[in-house]
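Data block below; observations after.
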Amino acid sequence: LKQAAEEQIDAASSPEQLKEIRVKYLGKKGEITSILRGMKDLSPEERPVIGSLANQVRGQLEEWIQEKEESLQEALLEARLQEESIDVTLPGRPEPLGTVHPLNGVIEQIEDIFIGMGFEVAEGPEVETDYYNFEALNLPKDHPARDMQDSFYITPELLLRTQTSPVQVRSMESKEGKVPVKIICPGKVYRRDDDDATHTHQFTQVEGLVVDRGIAMSELHGTLLTFAEQIFGEKLKSRLRPSYFPFTEPSVEMDISCVQCGGSGCRMCKQTGWIEILGAGMVHPRVLERGGYDSERYTGFAFGMGPERIAMMKYGIDDIRHFYTNDLRFLRQFQSI
Ligand code: PHE
C-alpha cells in the first residue's frame, strides 16, 4: 500500500490529482483510515503492531503529499512567471496620433484672433428657448424673418438653436449691466436644410458682441478688418454691404476680395472677385434693453460668421459635407493646421 501510494504521489501532475490521492488514502473513507478503524477487530497482540505501522505509513504519506504539493505549486508559479515575462528591451509600439479636425482648427484660429483683441469666449446651450433664439432678438412670433431660419422644434417653446445670436442676450444678462461686454461665442447651430455642397443641417457659427459707451460702426469695421487680415494672412480688399437682420440696425454683410483668385474671378467667388464672409451690425436698441442695458447710454455691435465658409475659402474646399463625413483622406490633409 505504501509503495503504491508513493508511486501515485510521484506521478501526480496537478494539485487536483494530489487531492484525489489524499482522499483515497487519508480521507474519511480512505484506505489508511479504514485500517485504523478496523483495529477493534484485531487481537490484542496484533493491535499495537498494526496500529503503529498504520500510523507510521499515514505520517509518511502526509509528508510526501505535503512535499509534492509544494513542488507542484512552485512549478505552477514558475510556469506563470515564464508566460508573463516582459521583454523590456523590445521597442515600443507607436500609438497612432489623431489630428485636430480642420473645422476645430479654424475655430481655434478665430478664437485666438479675437482673444488677442481682448474678447472672452462665451458659450450657450444648443437646445434653446424660442424666447432667446427669436423673441429677445426682435423676432416676434409672426416675424417673416423666422422663415429664413427653418428650425428644428422640440416643443412649441424649445428648439435646436438656428444661430449663436441667442448668446448675445444671455451674455448681456449675465453681465448684469456692467460694461464692457466683449465676447465671442463659437458653437453648433441647426437648420432644416437639405444637405448639399453648401448646406448642412448642422453647422457652426462664431458670434461676436461688444457693448460699451460710445461704440460706433467704425469700431465694428476696424474689428472685422483686423480679423479678416489675420485669418487669411494677407492684406485684403473688403467692403460692407447694407443688409438686414432683425437684431441689428443698421445691418451689413462683409465681403472680402476672393482669397482663392485674388479678385480676378474664379469658381469660388462665382467670377465676381468678392466673397461674403459674415453678417454684422449695430445691436438693435430693443435687444440692448432686453439684455438689461440702457440703449440711451450704451451702444454695441454684433457679428456672426460661419467657420465652415471661412475654412472652405482658406483651404479651397469645395464641399461643406467634407467636414462631416469623416473621410480620413480629407482629414489627413490638415495635419499641420
Ligand atoms: N445670426 C445671423 C445669421 O445667422 C448672423 C449675424 C450675427 C448677423 C450677429 C448680425 C449680427 O445669419
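One-based numbering along the sequence shown. Atoms within each ligand, like the ligands themselves, are counted from 1 in listed order. Values reported hereafter were calculated over all heavy atoms of this structure, with side chains retained and with hydrogens, waters and symmetry mates removed.
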- Message: Applying side-chain contact (heavy atoms from CB on, under 4.5 Å), can you list everything that pairs with Thr272, at least two apart in sequence or on another chain?
- Response: Cys269, Trp274
- Where does Ala280 meet ligand 1, judged by heavy-atom distances below 4.0 Å: at the side chain, the backbone, both, or neither? backbone
- Query: Taking the six-membered ring for Trp, are the ring centroids of Phe303 and Phe114 within less than 6.0 Å of each other?
  - Reply: yes
- Are any of the heavy atoms in Met305 under 4.0 Å away from ligand 1? no
- Task: Check the surroundings of atom NE2 in His221: do more than 12 heavy atoms from other residues, nucleotides or ligands lie under 6.0 Å from it?
- Result: yes
- With heavy atoms of Ser165 as the reference, note each atom of ligand 1 found under 4.0 Å away. 1 (N), 7 (C)
- Query: In ligand 1, which numbered atoms sit nearer than 4.0 Å to a non-hydrogen atom of Gln205?
  - Reply: 3 (C), 4 (O)
- Task: Count the heavy atoms belonging to other residues, nucleotides or ligands that lie under 6.0 Å from CG of Asp10, then report whether that count exceeds 12.
- Result: yes
- Glu253 to ligand 1, any heavy atom closer than 4.0 Å: no
- State, yes or no, whether a side-chain contact exists between Met254 and Leu225 at a heavy-atom distance under 4.5 Å. yes
- Flag side-chain contact, heavy atom, 4.5 Å: Asp130 against Glu135: yes
- Task: Measure Phe303 to ligand 1 on non-hydrogen atoms and call it side chain, backbone, both or neither using the 4.0 Å cut-off.
- Result: backbone
- Run the numbers for me: atoms of ligand 1, each under 4.0 Å from some heavy atom of Gln168, listed by number. 9 (C)
- Task: Within a distance under 4.0 Å of any heavy atom of Arg191, pick out the atoms of ligand 1 and give their elements.
- Result: 3 (C), 4 (O)
